[in-house]
Number of protein chains: 2
Amino acid sequence: MKKEVTTLKKIAQILEISISTVSRALNNHPDISHETSKKVKDLARKLHYMPNMFAKGFRQHKTNIIGVIVPNILSYFISTILKEILLQAEVNGYRVIISETNNDVKKEKEMLHTMLQFGVDGILMSLSKNTVNVDPILHALNQKPLILFDKVSNKIPCTQVIIDGEEATFNAIEHLINIGKKRIAIIKEFEQSYNSERRFQGYLRALKTNNIPIDKKLIVSTHDISLKKGRSLTSQLISLKEKPDAIFCITDAAAIGAIQTLKKFNIKIPEDIAVIGFSNSLNSTIVEPKLTTLDQPGKRIGEIAMNCLVTEIEEPKEHLTIKTIEIKTNLIIRESTLLSI
Amino acid sequence: MKKEVTTLKKIAQILEISISTVSRALNNHPDISHETSKKVKDLARKLHYMPNMFAKGFRQHKTNIIGVIVPNILSYFISTILKEILLQAEVNGYRVIISETNNDVKKEKEMLHTMLQFGVDGILMSLSKNTVNVDPILHALNQKPLILFDKVSNKIPCTQVIIDGEEATFNAIEHLINIGKKRIAIIKEFEQSYNSERRFQGYLRALKTNNIPIDKKLIVSTHDISLKKGRSLTSQLISLKEKPDAIFCITDAAAIGAIQTLKKFNIKIPEDIAVIGFSNSLNSTIVEPKLTTLDQPGKRIGEIAMNCLVTEIEEPKEHLTIKTIEIKTNLIIRESTLLSI
DNA sequence: CTGAAAGCGCTTACAG
DNA sequence: CTGAAAGCGCTTACAG
């Protein structure tokens, strides 16, 4: 079934010239006469010649493959980033190998290893939730260009591309304050989550800037932020003696859970309690009331990360240094905070 | 910056044995003495030896890379399939290169070409919406195992893995009939969509089986099925003199659009008009009322497609024949058809 | 049980 | 302008 493949050798034999000449002709080497070059190219086309990338990569120590490692491909935000990475890769002539860790640190390490072994030219990576020991990553970084995005770590001296979650949250909280909210709760993850912590810092700064006292009862954390947890933590918040008048959730999923619970208890949104999420996911326009949320421009992240990687592949850096690129983002105001004051 | 890499040669030199022996020791060749083998393996570990997969693949004409081509990675259904493909690939020792066509036929052809050139061992593919000329695919199929999933074509003699959309839709329509609906509308795509047509056949069969006359006014088609189109086509349907009492949409997105429009016009769901979608997407549980929908087991599709591909890679088939694997699926009944009769 | 050698398909410094 | 030859890192048939 499998067809015989055309090689340089075959073309050379038919044309009765050397393999070197064929190779050069096909690579537009200036030395080759126009005549020869044309002859070779015509025949190559006719025979559907396809260079064997393996031989080529092997020879040139460049594979034009980049590896991408992400925790979970099902996340819409991650998909958006991947989509842009694929596009940019194509534009720059790279193929993309994707691996998913499912937040398993052991797998993460293995995948990093496999990718290096495969000779990828560089790696784009979003850390798993539980990555504590960064040694495997440092080891990889020593061998090939590596760039982190979204889930990053300041223990790794490389380029890192993230959303400016601190400022974004700051703006979201100020928006709540502007519509008259004073008891603003936050549903976040535990401390080990870098993104959650940045957002929490924004929350704290906004309260401080506006002279609103911090009430620890309004700060609730969970290990795995999700729609369900959004529901249960909201139940917890509304059973407080002094209820919150707004809830900021560090993900849309949790915010949707919050909305569902508030509706169940007939609490008016946003009059009694306003809600803000983070992601601008598809769902945020499907829930009722429509969710105010922070945009998460995955496209920008993917674009910048990929372009940085291409640059580092082509011009390897001498010294490893941490360089964080923070992308500004916008608050998208919808019904869940739309108060006619 | 880049570290010196360990090769067989280096290990051989240090141990003062031949490269062949090192290679055999590492590959557990039975000939090698236990002692030598241990010595080699220990040193290899110590030096972090990683076989150069390019040299290996090049030598063995096997890359352990498979290519996946899909129209759009942002679709939740596609992501689910990809997730399972990645998992199965890992289990079977394959790496996965993913490309996205965005329904561009020209790109589809290029990607197919690039993948072959890259020496993938096999290809998993979901056709773009506009694929008419299947020659490039037939050409690829002649060179490497290729399996289609979800978006398939009966013009291509290969294994194809799909949802049984005909039966699924048949069941959905019978469910509507069982709750007393008689004027059942369908929102579908135009004829060139294979999946849409299969679902439409199920619709027709269900009506026929239950002696319900077909009313052409209740059959509406669009080129690009979407939430927006769900809205506008629903407006169209409810402006009919004889309104439908149920709407079946071939995607969840369109069904959500339908629900939004019905609510806007204060039409009761499901009492006045019931709605069913297709996908069991995340959104289907977020809309209110929650959407009755057909599950689309992406996991099963990914699993079966990948396993078929691995089989074909390991035991190439002699003759190319079409073989369609249809996966049964379930109706998930939620509020949008939950009538207390 | 081990080694020398050929070869996978390609590129490129060297020679002419 | 063109060719012969080496070499990328590995595997394996052949010989001992």
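- C/dT12 and C/dG16 have their C1' atoms separated by 16 Å, given to the nearest Å.
- Rounded to whole Å, atom C1' of D/dT12 lies 15 Å from atom CG of B/L26.
- Judged by closest nucleotide on DNA chain D, B/M50 is the one of B/M50 and B/D31 placed further toward the 5' end.
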Using side chain to side chain donor-acceptor pair (under 3.5 Å), reason through B/S18 and B/T21 one step at a time and then give a plain yes or no.
CA-CA 5 Å; B/S18 78; B/T21 304; 3.0 Å; yes

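- Figure legend. D/dG3 is base-paired to C/dC14; pairs are counted as Watson-Crick or G-U wobble with both atom distances under 3.5 Å.
- Atom CG of B/L15 is separated from atom P of C/dG3 by 10 Å (rounded to the nearest Å).
- Here the side chain of B/I32 is nearest to one of C/dC10, D/dG3, C/dT2, namely C/dT2.
- Closest to the B/S23 side chain, of the nucleotides D/dT2, D/dT12, D/dG3, is D/dT12.
- Of the candidate nucleotides C/dG3, C/dC14, D/dC10, C/dC14 has the atom nearest to the side chain of A/R24.
- In terms of phosphate contacts, B/T36 brings no side-chain nitrogen or oxygen within less than 4.0 Å of OP1 or OP2 of C/dC1.
- Between C/dG3, D/dT2, D/dC10, one nucleotide has an atom nearer to the side chain of B/Y49 than all others, and that is D/dC10.
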Could you walk me through whether A/I162 and A/D150 pass the side-chain contact (heavy atoms from CB on, under 4.5 Å) test, one step at a time?
CA-CA 5 Å; A/I162 51 172; A/D150 190 36; 5.6 Å; no

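- Taking atom CD1 of B/I11 as the reference point, atom C1' of D/dG9 lies 12 Å away to the nearest angstrom.
- OP1 or OP2 of C/dG3 has at least one side-chain nitrogen or oxygen of B/S18 nearer than 4.0 Å.
- Put simply, A/S20 has no side-chain N or O that comes within less than 4.0 Å of OP1 or OP2 on D/dA5.
- Between the NZ atom of A/K56 and the P atom of C/dT12 there is a distance of 9 Å, rounded to whole Å.
- Backbone-only engagement by B/N52 is indicated by non-hydrogen atom pairs under 4.0 Å involving sugar-phosphate atoms exclusively.
- Distance CD (B/Q13) to C1' (D/dG9): 13 Å, rounded to an integer number of Å.
- Atom NZ of A/K62 and atom P of C/dT12 are 13 Å apart (whole Å).
- Remark: P of D/dA13 and CG of B/N27 are 13 Å apart, rounded to the nearest angstrom.
- No more than 12 heavy atoms of other residues, nucleotides or ligands sit less than 6.0 Å from atom NZ of A/K38.
- Counting to the nearest Å, the P atom of D/dT12 and the CG atom of B/L8 are 12 Å from each other.
- Between A/K107 and B/E90 there is a salt bridge, since at least one side-chain N of the basic residue sits less than 4.0 Å from a carboxylate O of the acidic one.
- Nearest-nucleotide positions on DNA chain C for B/A55 and A/I19 put B/A55 closer to the 5' end.
- Side-chain proximity of A/T7 to the nucleotides D/dA4, C/dG9, C/dC1 is greatest for C/dG9.
- Side-chain contact between A/L8 and A/L26 is present, with at least one heavy-atom pair separated by less than 4.5 Å.
- The ring of A/H48 has its center closer than 6.0 angstrom to the ring center of B/H139.
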